[in-house]
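Letters go in sequence order (proteins before strands), and every chain restarts at 1.
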Amino acid sequence: MKELPKAYEPQKYEDKIYKSWEESGFFNPDVCVREGVTDADAESFSMVLPPPNVTGTLHMGHAAMLAIEDTMTRYQRMLGKKTLWLPGTDHAAVATESKVEGLLIKNEGFTKPKEELGRDAFMEKVHAFARESHDTIVGQAKKMGSSLDWSREAFTLDEVRNKAVRQVFKKMYDDGLIYRGHRVINWSVKGQSTCSDDELVHVERPAKMYYFKYNKDFPITIATTRPETKLGDTAVAVHPEGKYKEYIGQVLEVENVGQKGHNLKIHIIGDDHVDETLGTGALGVTPAHSMVDFEMYQNQKALGNDIGLIQVIGEDGLMTARSGSEYEGLSVEEARSKFIEYLNSENLLEKEEEIVQSAGTSDRFKDVVEPLPKTQWFVDVNKKFTLEKSQIKGIESGAEVSLKELMQAAVRNGDIDILPERFVKTYFSWIDNLRDWCISRQIWYGHQIPAYIDIRNKENEGVIFFEENKIVLTEEQIDETRKFDFGFLMLDNIKNFVHSAKFSQINFWLEKKWITIEDVQEAFQSVHFFTCKKVDVFDNDKDVTKYHFQDPDTLDTWFSSGMWTFSTLLDGDMKDGESLEEWLARSQDFQDFHPTQMLETGYDIIFFWVARMILMTTYTLGTVPFDTVYFHGLVRDEKGRKMSKSLGNILNPLDMIGKYGADATRLSLMIGTSPGQDMKLSEEKVEGLRNFANKLWNISRFMLMNIDKVNKDIEIPEAKTLADKWILDELLSDIKEYHSYMNSYNFSQVSEMLRDYTWNKLADWYLEIAKVEGNKSEILNYILNTILKLWHPFMPFVTESIWKEIYGENEFLLVERVPSYNEDNQLWVENSKEEVAPNFKKLQGVINSLITKIRNLRAEKGIAPSKKLKAYYKENKVLEENTHIVNALARLESFEKTESFDEEHISFIEAGVECAIDFSGVVDKEAEKERIEKEIAHIKPYLMAQEKKLSNAGFVDNAPEAVVNAEKEKLREAKEKLEILEGQLQKL
RNA sequence: GAACCCAUAGCUCAGUUGGUUAGAGCGCUACAUUGACAUUGUAGAGGUCAGAAGUUCGAAUCUUCUUGGGUUCACCA
């Protein structure tokens with residue numbers, strides 16, 4: 001006999017409970033084994049938390065992710081597995097840097113923060129922001145109740161991950177998969193950086209299509225929405241078999257395009273991609289400012305026809321000198337007007353057309369990207385390499401494969417399951433269209449590309465790595481270095497150099513005559529560390545070559561997060577001279593927990609992250625990163641819109657937790673949702689589930705008041721009454737379903753089923769009966785323990801709070817075993833369950849409304865109830881078994897005690913009770929019989945016809961085998977169904 | 001242009017390989033209320049499962065088409 005407070009107030013319990021979990025150490029599987037709550041030889045379950053970006057705070061999408069993953073984790077832990085859910089955050093390179101830039105402009109009055117602050121000071125701001133953001137995120141994750149093993153927390157940009165990144169980069173470079181290529185890339189003028197194809201968001205906008213000729217004599221009209229780029233045209237592409245084919249191969253000199261003296265050599269080339277039905281049927285080729293045109297340029301080059309490439313737009317978004325003196329320095333818009341003006345004045349413009357165009361926009365910087373030719377780092381996804389060791393189905397160790405093939409094999413051959421299945425199609429169609437991955441970014445925040453350029457190599461291509469940890473400097477190198485007065489450290493023998501703005505640093509290295517990777521690492525962090533490129537800037541007077549220094553490129557953030565499943569499991573620090581393989585081999589966590597079992601994330605990052613993890617992991621390890629991918633939907637507001645600040649429709653998880661508790665917030669993100677389907681969330685839903693949490697609390701409160709002596713480990717007790725049997729049997733069959741739903745990740749179904757059991761069956765029915773029947777201590781104890789365990793993965797706080805209230809502060813529901821289903825425990829005789837159980841409720845309802853009606857009548861007419869009433873109903877057979885009804889009547893009796901009924905009202909109640917009897921299954925049984933008989937009558941003639949059909953030799957011999965088999969299958973199915981129906985009839 | 005998803009009660013959504021009388025939550029209506037819980041209880045109303053055709057003994061479920069909404073990718077001469 002214990003008593004809980006009257007209402008559950010989440011705010012009073014949640015922080016305390018989370019703290020107790022953390023202090024217990026049970027989020028850490030090692031502690032669980034050490035403390036004996038998990039068997040040392042138990043199976044392991046591991047999952048990484050998709051690391052949130054350190055760009056701010058968590059939103060509802062993160063909350064959904066945390067809720068689902070925590071539920072998965074807690075379930076696995078309660079199954080007794082060694083369970084690891086590994087936390088971390090993502091530095092989110094571009095996103096974070098541009099966010100900080102924006103904040104500095106907005107809040108601190110900078111206009112160009114990076115320039116104004118300089119590298120060190122700016123990076124300090126970024127790091128401070130990232131730290132703060134990280135702390136917020138961790139705090140929020142804890143508020144949600146996430147059972148993450150914080151002792152293993154990682155960051156995509158910390159030292160261990162950086163070393164892993166450098167190793168994998170080098171491996172890929174050595175395999176020839178990473179290369180430096182000059183090609184057209186997406187350039188954000190605003191962000192002064194490249195963007196990968198996937199980072200573009202296409203935005204529809206109105207545009208004008210201009211039809212024109214380069215000059216009066218030019219035979220072919222072309223069309224474009226970007227006239228200013230036409231100053232850099234080097235070819236016109238026509239269909240090889242089309243109307244202009246006679247021109248193919250000609251080079252037409254076109255003078256004075258756009259301005260006097262701007263002459264172009266236009267090669268007429270044939271290309272299959274040209275569609276004569278579109279535009280003018282010919283295509284002006286601007287290799288420098290269009291990806292498609294660049295490909296044509298490359299194709300021509302491969303055929304030995306160098307059509308040339310003219311870059312007319314610079315990285316600053318302004319026209320270059322190559323566009324002509326009148327255009328140089330103009331913005332693209334100004335250049336466009338000027339060029340159109342020119343075309344008009346020369347009467348070259350044939351037509352203008354209003355069209356809608358979708359423009360590639362940088363997701364991070366929000367400006368329309370400019371395709372520009374640049375030298376960048378790429379990962380070649382088509383090049384074959386030797387995969388030394390492979391555990392992937394269909395790929396032998398030592399096989400020659402490309403990254404694309406690896407990514408395909410991992411999913412196609414069943415090593416990775418993707419749920420819901422339809423995303424498999426999305427995945428493959430993405431891979432089919434995958435181009436080489438541009439991995440370099442011209443920003444400061446991120447993993448610096450671990451490659452250095454030899455400035456004395458004119459080609460700018462001398463990329464070599466630090467092969468050894470420690471490099472001893474020769475006298476020659478030291479002399480060489482001293483020649484440069486701007487702080488170069490020349491590493492001649494390995495063709496590397498380090499430049500530091502801090503001369504003292506360089507001098508220190510020169511003094512000690514050797515340098516280590518750590519020194520360079522340190523330089524990364526604390527001093528300016530530049531790669532440098534030689535540019536064509538000459539000062540003719542002094543005849544001195546000048547060098548322009550450029551900050552080193554950093555890696556696309558997905559390069560490091562692509563390694564997340566294994567980089568997080570690496571042991572502390574990499575030892576000197578150790579290879580990645582050796583490092584992994586001695587990392588216990590990697591041995592224990594990789595591949596992970598589950599990856600749970602939003603479908604919006606299937607390409608960015610999921611695909612890249614598959615790429616990086618299959619390449620590096622020859623294994624898959626995870627066995628199953630589960631995609632949840634995106635959280636939208638109640639009108640189905642994306643949550644965004646500008647719409648002001650953001651529901652903040654912390655607000656929800658504060659108002660309704662973490663359990664309600666979590667459940668609202670799981671109940672009524674299905675995998676991969678977007679979910680609409682409203683505050684009302686959270687509120688409703690807060691009510692449920694309170695209900696659970698009060699159910700427990702009531703049950704405890706009726707339990708004599710609590711027992712944590714109580715076995716299933718004996719059922720004494722029909723009601724006992726019913727409620728226990730419902731529980732046992734729900735346990736069976738529970739596991740089957742949990743194993744197929746049907747969390748919505750599970751929670752609805754549990755809610756139905758807890759609220760509708762247990763609270764509304766069984767507990768009412770228990771009040772009357774009494775003496776149910778053991779059954780109540782057993783049921784209470786069981787539902788708390790079943791609910792725990794979903795509602796960890798309220799269940800753990802109740803558990804501790806009952807069994808004491810030192811007990812942890814967190815590591816209890818979830819009840820398993822056992823066939824032998826099934827108590828109920830099948831038909832009696834169906835016959836009686838559902839009707840308890842309906843009878844109660846009828847009686848209840850009778851009470852109401854009688855009461856109203858009494859009020860109206862002043863009529864008293866009969867004292868015979870109770871006895872009358874007690875004689876009724878249906879009611880004999882149903883003590884609840886008896887009780888209800890007893891209530892009526894006592895309620896009406898002082899007055900009396902007349903005949904009329906007794907018959908009125910009789911009619912009502914007859915109605916109740918209708919509900920009680922007696923009549924239902926007949927109806928059910930009738931229904932089944934009807935269905936049998938429906939199937940039987942079909943069966944006979946089908947059998948006749950199949951015994952007909954003419955049909956069997958002449959029809960195709962597949963058809964005959966299909967007919968046989970249908971017959972079998974129908975027979976099976978008939979058997980089931982007849983079985984049901986038998987029971988009735 | 002292509003692929004995918006969605007259309008089921010007033011709203012938000014479930015509905016597992018086709019098979020009972022299509023379900024839940026919220027909302028609504030009526031009633032109850034000293035009780036573990038008003039963050040409550042009981043009951044009720046409300047659905048030609050978007051439309052059409054087909055396959056089938058049987059279709060919300062499978063096929064095709066149509067309509068409306070959405071997402072993603074691509075193209076944009």
Please write out the pairs of protein N or O atoms and N or O atoms of nucleotides 14-16 of chain B separated by less than 3.5 Å, giving the distance to one decimal.
{"residue": "A14(B)", "atom": "OP1", "partner": "Ser674(A)", "partner atom": "OG", "Å": "2.6"}

Report task. Would you confirm whether the ring centroid of Trp430(A) sits within less than 6.0 angstrom of the ring centroid of Phe608(A)? Result -> no

Query raised in the report: Are OP1 or OP2 of G41(B) and a side-chain N or O of Lys695(A) less than 4.0 angstrom apart?
Result: yes

Report task. Pick the C1' atom in C62(B) and in G19(B), then give their distance to the nearest Å. Result -> 14 Å

Report task. Using a 4.0 Å heavy-atom cut-off across all strands, classify Ile222(A) as base, sugar-phosphate, or nothing. Result -> nothing

Query raised in the report: Is atom NZ of Lys243(A) surrounded by more than 12 heavy atoms (other residues, nucleotides or ligands) closer than 6.0 Å?
Result: yes

Report task. Classify the nucleic acid contact of Met703(A) as base, sugar-phosphate or nothing, counting any heavy atom under 4.0 Å across all strands shown. Result -> nothing

Query raised in the report: Is Tyr757(A) reaching over with its side chain to a backbone N or O of Ile727(A), donor-acceptor style, under 3.5 angstrom?
Result: yes

Report task. Describe the nucleic acid contact of Thr280(A) in one word from base, sugar-phosphate, nothing, applying a heavy-atom distance below 4.0 Å. Result -> sugar-phosphate

Requested in this report: Check the distance between A24(B)'s C1' and Asn760(A)'s CG and give it to me in whole angstrom.
Outcome: 9 Å

Query raised in the report: When you compare A53(B) with A59(B), how far apart are their C1' atoms, in angstrom units rounded to a whole number?
Result: 14 Å

Query raised in the report: Hey, does Ser744(A) reach any base, or is it just sugar-phosphate, or nothing, if we go heavy atoms under 4.0 Å?
Result: nothing

Query raised in the report: Between Lys685(A) and G25(B), is there a side-chain N or O to OP1/OP2 distance below 4.0 Å?
Result: no

Requested in this report: Write down the distance between CZ (Phe702(A)) and C1' (A36(B)), rounded to a whole number of angstrom.
Outcome: 6 Å

Report task. In whole angstrom, give me the gap between the P atoms of A52(B) and U67(B). Result -> 15 Å

Query - Criterion side chain to side chain donor-acceptor pair (under 3.5 Å) on Asp678(A) and Tyr603(A), from CA distance to verdict - result: CA-CA 10 Å; Asp678(A) 290 356; Tyr603(A) 65 79; 2.8 Å; yes

Query raised in the report: Within this structure, what is the CG-to-P distance between Leu767(A) and U42(B), rounded to whole angstrom?
Result: 12 Å

Report task. State yes or no: are the ring centers of Phe212(A) and Phe339(A) separated by less than 6.0 Å? Result -> yes

Query raised in the report: Just by modelled atom types, is the Leu4(A) backbone N or O under 3.5 Å from a matching donor or acceptor in the Arg701(A) side chain?
Result: yes

**Report entry** Pairwise C1' distance for A60(B) and U20(B), with rounding to whole Å
**Finding:** 15 Å

Report task. Could you check whether Val274(A) gets within reach of a base, just the sugar-phosphate, or nothing at all, counting any heavy atom under 4.0 Å? Result -> base

Requested in this report: Decide whether Thr601(A) and Trp609(A) meet the rule of one side-chain donor and one side-chain acceptor closer than 3.5 Å.
Outcome: no

Requested in this report: Compare every heavy atom of Phe797(A) with every heavy atom of Asp663(A), then report the nearest pair and how far apart it is.
Outcome: OD1-N, 3.1 Å

**Report entry** Whole-Å P distance, C13(B) and A7(B)
**Finding:** 9 Å

Query raised in the report: Are Trp697(A) and Tyr13(A) close enough, and set up right, to give a ring pair (Phe, Tyr, Trp, His ring centres under 6.0 Å), and what steps lead you there?
Result: CA-CA 12 Å; Trp697(A) 178 267; Tyr13(A) 292 87; 5.3 Å; yes

Report task. Measure from the side-chain heavy atoms of Ile699(A) and tell me the nearest of U39(B), C73(B), A36(B). Result -> A36(B)

Report summary line: Out of C37(B), C75(B), U71(B), minimum distance to the side chain of Tyr603(A) belongs to U71(B)

Query - Whole-Å gap separating P (C75(B)) and CG (Asp293(A)) - result: 12 Å

Report task. When you get a sec, tell me which of U40(B), G25(B), C76(B) is the closest nucleotide to the side chain of Asn691(A)? Result -> U40(B)

Requested in this report: State which of C76(B), A36(B), C73(B) makes the closest approach to the side chain of Phe607(A).
Outcome: C73(B)

Report task. Taking atom P in both U8(B) and G15(B), compute the distance separating them and give it to the nearest angstrom. Result -> 14 Å

Query raised in the report: When all nucleic acid strands are considered with a 4.0 Å heavy-atom cut-off, which category describes Arg422(A): base, sugar-phosphate, or nothing?
Result: sugar-phosphate

Query raised in the report: Below 4.0 angstrom from OP1 or OP2 of U72(B), is there any side-chain N or O of Ser429(A)?
Result: no

**Report entry** Minimum-distance nucleotide to Ile355(A) side chain [options: A24(B), C76(B), A77(B)]
**Finding:** C76(B)

Query raised in the report: Using atom P of each nucleotide, how far apart are U39(B) and C28(B) to the nearest Å?
Result: 15 Å

**Report entry** Among A77(B), A24(B), U39(B), the nucleotide that comes nearest once only the side chain of Arg755(A) is considered
**Finding:** A24(B)

Query raised in the report: When Watson-Crick pairs (N1 to N3 and N6-O4 or O6-N4) and G-U wobble pairs (N1-O2 and O6-N3) count only below 3.5 Å on both distances, what is the dot-bracket string of RNA chain B, with | for other-strand pairs?
Result: (((((((..((((.....[...)))).(((((.......))))).....(((((..]....))))))))))))....

Query raised in the report: Reckon Ala763(A) touches a base, only the sugar-phosphate, or nothing at all at heavy-atom distances under 4.0 Å?
Result: base

Requested in this report: Could you state the atom-to-atom distance from CD1 of Ile787(A) to C1' of A36(B) in whole Å?
Outcome: 13 Å

Report summary line: When rounded to whole Å, the CD to C1' distance for the pair Glu421(A) and C4(B) reads 14 Å

Query raised in the report: Judged by modelled atom types alone, do Tyr244(A) and Glu276(A) share a side-chain donor-acceptor pair under 3.5 Å?
Result: no

**Report entry** Pairwise P distance, A9(B) and A36(B) [rounded to whole Å]
**Finding:** 40 Å

Query raised in the report: What are the two closest non-hydrogen atoms of Asp272(A) and His239(A), and how far apart are they?
Result: O-CD2, 4.0 Å

Query raised in the report: Can you tell me how far C1' of A74(B) sits from CG of Asp275(A), to the nearest Å?
Result: 15 Å

Query raised in the report: Is the NZ or CZ atom of Lys351(A) both under 6.0 Å from the centre of the six-membered ring of Tyr211(A) and within 45° of that ring's axis?
Result: yes

Requested in this report: Rounded to the nearest angstrom, tell me the gap between atom CE in Met679(A) and atom P in U12(B).
Outcome: 16 Å

